[in-house]
Amino acid sequence: MKRPGTPHPDPASFIEANLAISPVPSIPEIRLHTAGPASGLWRLAGRGETDPPPYWAYPWAGGVALARHLLDRPEAVVGRRVLDLGAGSGLVAIAAAKAGAAAVTAVDVDTNAIAAIGLNAALNIVNIIAVAADIIAAPPPEETDLLVVGDLFYDPALSVRVMAFLRRCQTAGIEVLIGDPHRAYLPQGALQRLATHAVSDFGAGSAAKAVQAGVFSLSAILKDATKPEDPAATA
């Protein structure tokens with residue numbers, strides 16, 4: 001266990017030294033720095049209450065399905081300005097860039113994720129702007145045509161905030177795509193399924209049992225809706 005007062009290592013240096021490079025299961029076109037049993041990830045991630053969990057260190061099922069979808073259907077992103085919300089490792093952002101997006105921005109609240117995104121983007125020879133910020137209480141992002149979201153519907157309070165932000169983006173004319181393996185607070189009643197992919201979850205190897213992850217768009221906003229959607233009510 002980390003001793004009190006021990007400084008965090010430099011994120012980029014730690015990731016390069018301790019997280020092995022491997023192809024993403026179901027997406028051999030993309031390689032990522034991924035944590036393993038011997039990575040000692042706790043030395044970087046921390047164990048305090050304010051330390052965000054190291055979600056960025058693994059490819060999660062929703063992101064894998066969404067990345068696979070963009071690579072298989074490049075017409076969804078070619079020439080468009082894409083923002084990856086809660087980008088984690090940068091997997092979906094990298095897929096968007098590889099599929100021909102005009103510009104890609106990856107946003108995450110975890111500064112360690114931002115370091116990982118920079119390394120993973122360079123590893124896959126794509127250009128991504130990585131931003132450490134919580135934007136879901138902000139107005140819709142400017143100069144964005146497509147917002148992609150993977151695996152953010154795992155917590156009830158966060159899901160409500162994310163869904164409200166996505167609706168604001170939709171109203172502003174931004175298309176939204178969501179990747180998720182039907183986690184507890186996914187608002188399925190507000191979504192339209194575009195595709196389903198059998199993928200591994202939580203950084204599992206290729207031999208792990210696959211889960212069915214969906215790719216969704218937002219359904220049309222009802223003009224007579226009088227109150228915000230509650231993802232918990234439609235989970």
Side-chain angles (χ1 to χ4, degrees), residues 1-4 6-68 71 84-98 104 106-126 128 130-134 148-155 158 179-181 183 197-211 213:
M1 181 178 290
K2 185 183 231 177
R3 294 184 179 89
T6 303
H8 287 287
D10 173 70
S13 298
F14 181 91
I15 292 167
E16 283 191 299
N18 295 281
L19 274 67
I21 296 170
S22 58
V24 177
S26 305
I27 312 180
E29 306 97 310
I30 295 177
R31 298 184 301 155
L32 300 176
H33 288 275
T34 304
S39 296
L41 190 58
W42 59 268
R43 288 181 286 153
L44 179 64
R47 291 182 174 176
E49 291 183 1
T50 60
D51 293 314
Y55 296 133
W56 54 269
Y58 310 93
W60 292 70
V64 174
L66 189 50
R68 184 71 270 163
L71 290 169
D84 183 5
L85 178 66
S89 66
L91 170 59
V92 181
I94 291 167
K98 280 184 169 289
V104 182
V107 178
D108 201 286
V109 297
D110 190 339
T111 55
N112 291 331
I114 300 305
I117 291 167
L119 292 172
N120 289 331
L123 184 63
N124 290 278
I125 318 176
V126 295
I128 294 172
V131 179
D134 182 355
V148 290
V149 186
D151 301 290
L152 282 188
F153 293 96
Y154 58 88
D155 174 84
L158 176 62
D180 199 279
R183 301 195 192 281
H197 296 271
V199 297
S200 297
D201 199 12
F202 190 54
S206 58
K209 183 178 180 180
V211 300

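All values derive from a computational prediction rather than experimental measurement.
By the 4.5 Å heavy-atom criterion applied to side chains, L91 and I27 are counted as neighbours. Taking 4.5 Å as the limit, every side-chain heavy atom of W56 sits out of range of all side-chain heavy atoms of N120. Within the 4.5 Å cutoff, the side chain of F14 has heavy atoms near those of the L19 side chain. Considering only heavy atoms from C-beta on, D84 stays 4.5 Å or farther from I117 through its side chain. The side-chain heavy atoms of I94 and L32, taken from C-beta on, include a pair separated by under 4.5 Å.
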Chi angles and distances behind the side-chain contact (heavy atoms from CB on, under 4.5 Å) call for L71, E29: CA-CA 9 Å; L71 290 169; E29 306 97 310; 4.1 Å; yes
Test side-chain contact (heavy atoms from CB on, under 4.5 Å) applied to Y55 and Y154, step by step: CA-CA 12 Å; Y55 296 133; Y154 58 88; 3.6 Å; yes
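The two residues R43 and P9 come nearest to each other via the heavy atoms O-CD, 3.2 Å. T34 and P59 make their closest contact through CG2-CD, 3.9 Å (heavy atoms, listed as atom of the first residue, atom of the second, distance). Closest approach of V109 and A133 over heavy atoms only: CG1-O, 3.6 Å. The heavy-atom pair separating P11 from L44 by the smallest distance is CA-CD1, 3.7 Å. Taking each heavy atom of A61 and V211 in turn, the nearest pair found is CB-CG2, 3.7 Å. Across all their heavy atoms, D108 and A87 have their closest contact at OD2-N, 3.3 Å.
Looking only at distances, no side-chain donor or acceptor of R68 sits under 3.5 Å from a matching main-chain atom of H197. For S39 (side chain) and N18 (main-chain N/O), a donor-acceptor pair under 3.5 Å exists by modelled atom type.
Of the inter-residue distances, the one linking H33 atom NE2 with L123 atom CG reads 5.0 Å to the nearest 0.5 angstrom. Note that CG of D10 is 8.5 Å distant from CD1 of I15, once rounded to the nearest 0.5 Å.
With P181 as the fixed residue, the side-chain contact (heavy atoms from CB on, under 4.5 Å) test singles out one of V64, V199, D151: D151.
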